[in-house]
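Given the structure is predicted, the values throughout are model-derived calculations rather than measurements.
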Amino acid sequence: MAASVDASSSSYDRMKEVKEFDESKMGVKGLSDSGITSIPQIFVHDPQTLSDLKPSSSPTATVIPTIDLSHITSPAHRPNIVDQVKAAAKTFGFFQVTNHGVPVSVLDETVNAVKAFHEQSHEAKAKYYKRDEGKGVMYASNNDLYRTTAASWHDFLHMWMGPEPPNVEEIPEVCREGLVAWDLHGTKVADDVMELLSEGLGLERGRFKELTFSDKRALVGLCYPYCPQPDLTVGIKAHTDPGILTVLLQNHVPGLQVRHENEWLDVKPVPGGLIINVGDFLQIISNGEYKSVQHRVLANSMKESRISIVIFFNLAKWREDGYSGPLPELLSPHNPPIYRDFTPQEFLENFYGKGLDTKSLIQKITI
């Protein structure tokens, strides 16, 4: 595989190299472990993407809000927590939650389970390597490898946990117990946060649950291994999440950045914290009240892998007419819809028809 980074080379056949890399089933972890000193050309991003890839240097840089959920059941404190969550979802689209009810030992076990999977031998992982995100369990590098112009420096283990969970035997044994447990814990946190977000819109506490906002969910365990040329690629490129809500657990290796008021903010992990972010679907459902924002992960320059575990929550049951869109109860003559209704087919085609990007569905359906 060519390690040249001269993208103008006339002998460079991008699709051939993508196919070779994919069929090797070694992922970027395999490349990193092999001791390469330069990255294959398929991972080199364009100058525009590379021009602002740096940690934010300012010691006074803005940080995303951290919200303490310890008094979530207290009638005296809950309204204040609702206000904090609403403000964070409206202004930043991202926030961290602490005292969310999940023991730190469980967080550590979950990170270790995903790390253990990615640190297995090539042979052990290769049997899970495929490109079928629609069902079951898959391991691969870059979900949009064939749809993007430049690949990113990460591998992932992907599984649909709802509404139809996989057969437990399908989940790799090395991380099975940890990920089945994490699905329950992470979903409980998401349900708690969704209640707060629902109340923040003036709706009943259980309205989002009733609308099946946490029923269709995918659990993804990502590994961002050491990259020998982190200034030429990204861990994952700038994008917004297409679904309702995302719950993210990460280890201490930095790299996550969020776009806020035209600058990239580093998201420093808070010990024991979980990161929550608004997806495009929730921005639409809330008629623009909550904001889905761009985020990315820088390529990892540290010898230790960055590990993150993400649960993406999506709508399971669409309306009887087969559409979704801004919730009717939020609309009025003073607050008319700013998005049109759309179908599941439009949603899926928009996601699977191209590489990761930013708010492309929102752009298409804005009135």
Plane angle bin for His71 and His77 - parallel if under 30°, tilted between 30 and 60°, otherwise perpendicular: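 Parallel: the ring planes of His77 and His71 meet at under 30°.
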What class does the angle between the rings of Phe156 and His154 fall in, given that below 30° is parallel, 30 to 60° is tilted and above 60° is perpendicular? tilted
Is a donor from one side chain sitting under 3.5 angstrom from an acceptor on the other, for [X] and [Y]?
X      : Y      : result
Thr240 : Gln294 : no
Trp264 : Asp52  : yes
Gln283 : Tyr339 : yes
Asn335 : Ser332 : no
Asp46  : Thr49  : yes

So does Gly221 get a backbone contact from the side chain of His118, meaning a donor-acceptor N/O pair under 3.5 Å?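 Looks like yes, one N/O pair under 3.5 Å.
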Donor-acceptor pair, His295 side chain versus Val293 backbone, under 3.5 Å? yes
Just wondering, do [Y] and [X] contact through their side chains at under 4.5 Å, heavy atoms?
X      : Y      : answer
Thr366 : Ile338 : no
Leu197 : Lys86  : no
Val97  : His100 : yes
Leu245 : Ile311 : no

Only one of Ile307, Leu274, Ile275 forms a side-chain contact (heavy atoms from CB on, under 4.5 Å) with Gln250, so which one is it?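 Among the candidates, only Ile275 passes.
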What are the two closest non-hydrogen atoms of [X] and [Y], and how far apart are they?
X      : Y      : answer
Ala218 : His158 : CB-NE2, 3.8 Å
Asp341 : Gly325 : OD1-CA, 3.4 Å
Phe21  : Val28  : CZ-N, 3.9 Å
Pro326 : Pro337 : CG-CB, 4.4 Å
Leu157 : Cys175 : CD2-SG, 3.7 Å

Which value, rounded to the nearest 0.5 Å, describes the distance between [X] atom [atom1] and [Y] atom [atom2]?
X      : Y      : atom1 : atom2 : value
Asn277 : Thr246 : CG    : OG1   : 4.0 Å
Asn300 : Arg306 : CG    : CZ    : 8.5 Å
Leu219 : Trp160 : CG    : CH2   : 11.0 Å
Ser214 : Glu195 : OG    : CD    : 10.0 Å
Asn251 : Ile309 : CG    : CD1   : 7.5 Å
Arg217 : Met159 : CZ    : CE    : 12.5 Å

Atom [atom1] of residue position [X] - does it have more than 12 heavy atoms of other residues, nucleotides or ligands inside 6.0 Å?
X      : atom1 : result
Lys90  : NZ    : no
Lys364 : NZ    : yes
Lys130 : NZ    : yes

Are Lys303 and Tyr226 in a cation-pi setup, meaning NZ or CZ lies under 6.0 angstrom from the ring centre and within 45 degrees of the ring axis? yes
If hydrophobic clusters are built from ILVMFWY residues whose side chains come within less than 4.5 Å, do [X] and [Y] share one?
X      : Y      : result
Met302 : Val111 : no
Tyr323 : Leu282 : no
Leu348 : Ile365 : yes

If you take the centroid of each ring, where Trp contributes its six-membered ring, are [Y] and [X] closer together than 6.0 Å?
X      : Y      : answer
Phe281 : Phe342 : yes
Phe43  : Trp153 : yes
Tyr139 : Tyr128 : no

Test of understanding: with side chain to side chain donor-acceptor pair (under 3.5 Å), list the residues that count as partners of Thr148, not counting sequence neighbours. Lys237
Who pairs with Glu329 by side chain to side chain donor-acceptor pair (under 3.5 Å), at least two apart in sequence or on another chain?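 Residues passing side chain to side chain donor-acceptor pair (under 3.5 Å) with Glu329: Arg207.
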Could you work out, with side chain to side chain contact (heavy atoms under 4.5 Å, CB included) as the rule, every residue matching [X], not counting sequence neighbours?
X      : result
Ala116 : Val174
Pro242 : Phe347, Phe351
Val270 : Thr66, Gln96, Thr98

Please lay out, stage by stage, how Tyr290 and Val85 fare under the test side chain to side chain contact (heavy atoms under 4.5 Å, CB included). CA-CA 10 Å; Tyr290 296 146; Val85 166; 5.9 Å; no
Asp215 with Lys317: basic N within carboxylate O range, under 4.0 Å: no
Arg259 and Glu263 ion-paired at < 4.0 Å: no
All pairs passing salt bridge (charged side-chain N to carboxylate O under 4.0 Å, His left out) where residues 141-169 contributes a residue, at least two apart: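 Those involving residues 141-169 do not exist here.
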